[in-house]
Protein chains: 2
Amino acid sequence: MIAGMSSEPARASAMADLMRAGRETARLSMVFRNAIADRLGLTVSDLECLDFLADVGSATAGQVAGRTNLTTGAVTSMLRRLQQAGFVTAERDPADRRRVIVTLRPERIPELERPYERFAEQAVRLIEGYSVEEVLLLVRHFGRMREMYLAELDRLGGAQ
Amino acid sequence: MIAGMSSEPARASAMADLMRAGRETARLSMVFRNAIADRLGLTVSDLECLDFLADVGSATAGQVAGRTNLTTGAVTSMLRRLQQAGFVTAERDPADRRRVIVTLRPERIPELERPYERFAEQAVRLIEGYSVEEVLLLVRHFGRMREMYLAELDRLGGAQ
DNA sequence: GCGAACATCTTAGTCATTAAGATAACGGCA
DNA sequence: TGCCGTTATCTTAATGACTAAGATGTTCGC
């Protein structure tokens, strides 16, 4: 609707398709994430936290708060929850005893990845059908999207 | 890690980059959506509902429930909320008085789109730099992702 | 070793959401 | 027509994640 002028109608329509497809994919990924959290008996925030920990190994409670956009109070109770469910261990940092170091229990990782497994396999299969140039185009596109998201989030006053 | 065999290391690394970028983008889009809902003083579910209504014009309460993955009870109170905030009108269907027809107030649409505006403009600008072939590749890719999401959601037992 | 800054925890309260069942309206069938 | 099963929404009570504000314990600079 806001469409910029374009000489060829095929181009304009392809662009509109892309805008629409992008929104739809974003929406579906949210629903997907929700479904996975449900299946694991977790909150979306819990999943976010565990994903983060899977990335970095271990982190302080404050870092978890930053990543999940939760208050420290909410993180405290989330960590109690995750600890009780055995997904995570938490202990005070001996070097700075104000801090709490949270660590994902490695033995639970497979369980967390299982719901994604089929999806990831299919994604790999899809990507294998692309040429290297095509893959690189997609990577560049996502990179630009990432920058746009971060810039907008910044502008919206979010922490992140 | 599950990577299929690949002759060229450049290809394997590009594929890994793409997998990572895809996950990161999905995550950022969630955070973004959350930030926008916050700014509008709405829930993510509210936003989902309003987006849906912007698409289809008007729908029954049950259709809204299906789209948002909420129970009918939750939809009832969500609609009361949105009605009170003036985003939506709700009236019984004269043809089938069990149904409630929910309609987005057109005059509020600009207000809902405003937070996306800059983002959408930037997206258009980005896409304008692509060739038609590149745009079509992206559209195809998103289409395949969409299918994968829907298949997995189905498998996870979700309604949708 | 004193005070400010920091990291986490506690407490009380809010609010979206769910589950279960109530209410009301439709549609078919005798 | 009148009854019954089904459908669509609403109500009620309870749950639980989350926030805000302030308490607690810890570090660091002076």
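Below, chain A is the first sequence line, B the second, and so on; all start at residue 1. These numbers come from the heavy atoms of this one structure, side chains and all, not from hydrogens, waters or symmetry mates.
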Integer-rounded Å distance: [N] [atom2] and [X] [atom1]:
| X | N | atom1 | atom2 | result |
| --- | --- | --- | --- | --- |
| A:Asn34 | C:dT18 | CG | C1' | 14 Å |
| A:Leu70 | C:dA7 | CG | P | 17 Å |
| A:Gln84 | D:dA17 | CD | P | 11 Å |
| A:Glu91 | C:dC9 | CD | P | 13 Å |
| B:Asp38 | D:dA17 | CG | P | 19 Å |
| A:Glu48 | D:dA17 | CD | P | 17 Å |

Flag the pair [X] and [Y] as a salt bridge only when some basic side-chain nitrogen lies within less than 4.0 angstrom of an acidic carboxylate oxygen.
| X | Y | answer |
| --- | --- | --- |
| B:Glu121 | B:Arg118 | no |
| B:Glu111 | B:Arg114 | no |
| A:Asp96 | A:Arg99 | yes |

Next item on the list: Return the residues of residues 55-63 of chain A meeting this criterion: a heavy atom under 4.0 Å from some atom of DNA chain C. Order them by number, or give none.
Entry: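 Contacts with DNA chain C under 4.0 Å: A:Thr60, A:Ala61, A:Gly62.
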Notebook entry, point to check: Heavy-atom contacts under 4.0 Å between residues 74-81 of chain A and DNA chain C, which residues?
Noted result: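 Under 4.0 Å from DNA chain C: A:Thr76, A:Arg80.
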Produce the list of close N/O pairs, under 3.5 Å, pairing protein atoms with atoms of nucleotides 20-27 of chain C; give distances to one decimal.
unit_1	atom_1	unit_2	atom_2	d
C:dC26	OP1	B:Arg97	N	2.8

Margin query: Contact between B:Met15 and A:Glu128 at the side-chain level, heavy atoms closer than 4.5 Å - yes or no?
Written below: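 Yes. Closest side-chain heavy atoms under 4.5 Å.
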Notebook entry, point to check: Do the non-hydrogen side-chain atoms of A:Val124 and B:Met19 ever get within less than 4.5 Å of each other?
Noted result: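 Contact flag for A:Val124/B:Met19 side chains = yes.
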Notebook entry, point to check: Between A:Phe32 and B:Leu153, what is the shortest heavy-atom contact and its length?
Noted result: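 In terms of heavy atoms, the two residues are closest at CA-CD2, 3.7 Å.
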Notebook entry, point to check: If you look at every heavy atom in B:Val102 and B:Thr60, which pair is closest and at what distance?
Noted result: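 Looking at all heavy atoms of both residues, the shortest contact is CG2-C, 4.5 Å.
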Check: Quick one: which of D:dT19, C:dT17, C:dT18 gets closest to the side chain of B:Ser45?
Finding: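 Within the option list, the nearest is C:dT17.
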Check: With B:Thr89, which residues qualify under side chain to side chain contact (heavy atoms under 4.5 Å, CB included), at least two apart?
Finding: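 With neighbours one apart ignored, the set is B:Thr103, B:Arg105.
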Note to self: If the condition is side chain to side chain contact (heavy atoms under 4.5 Å, CB included), which residues does B:Arg146 pass it with, not counting sequence neighbours?
What the structure shows: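 So B:Arg146 forms a side chain to side chain contact (heavy atoms under 4.5 Å, CB included) with A:Glu24, A:Leu28, B:Leu150.
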Which side-chain N or O atoms in residues 42-52 of chain A pair as donor and acceptor under 3.5 Å with protein atoms at least two apart or in another chain?
unit_1	atom_1	unit_2	atom_2	d
A:Thr43	OG1	A:Asp46	OD2	3.4
A:Thr43	OG1	A:Arg81	NH1	3.4
A:Asp46	OD1	A:Arg81	NH1	2.7
A:Asp46	OD2	A:Thr43	N	3.0
A:Asp46	OD2	A:Arg81	NH1	3.0
A:Glu48	OE1	A:Arg33	NH1	3.3
A:Glu48	OE2	B:Arg27	NE	2.8
A:Asp51	OD2	A:Arg33	NH2	2.2

Item checked: Gap separating the CG atom of B:Leu138 from the CD atom of A:Glu134, nearest 0.5 angstrom ->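 Taking CG in B:Leu138 and CD in A:Glu134, the distance rounds to 10.0 Å.
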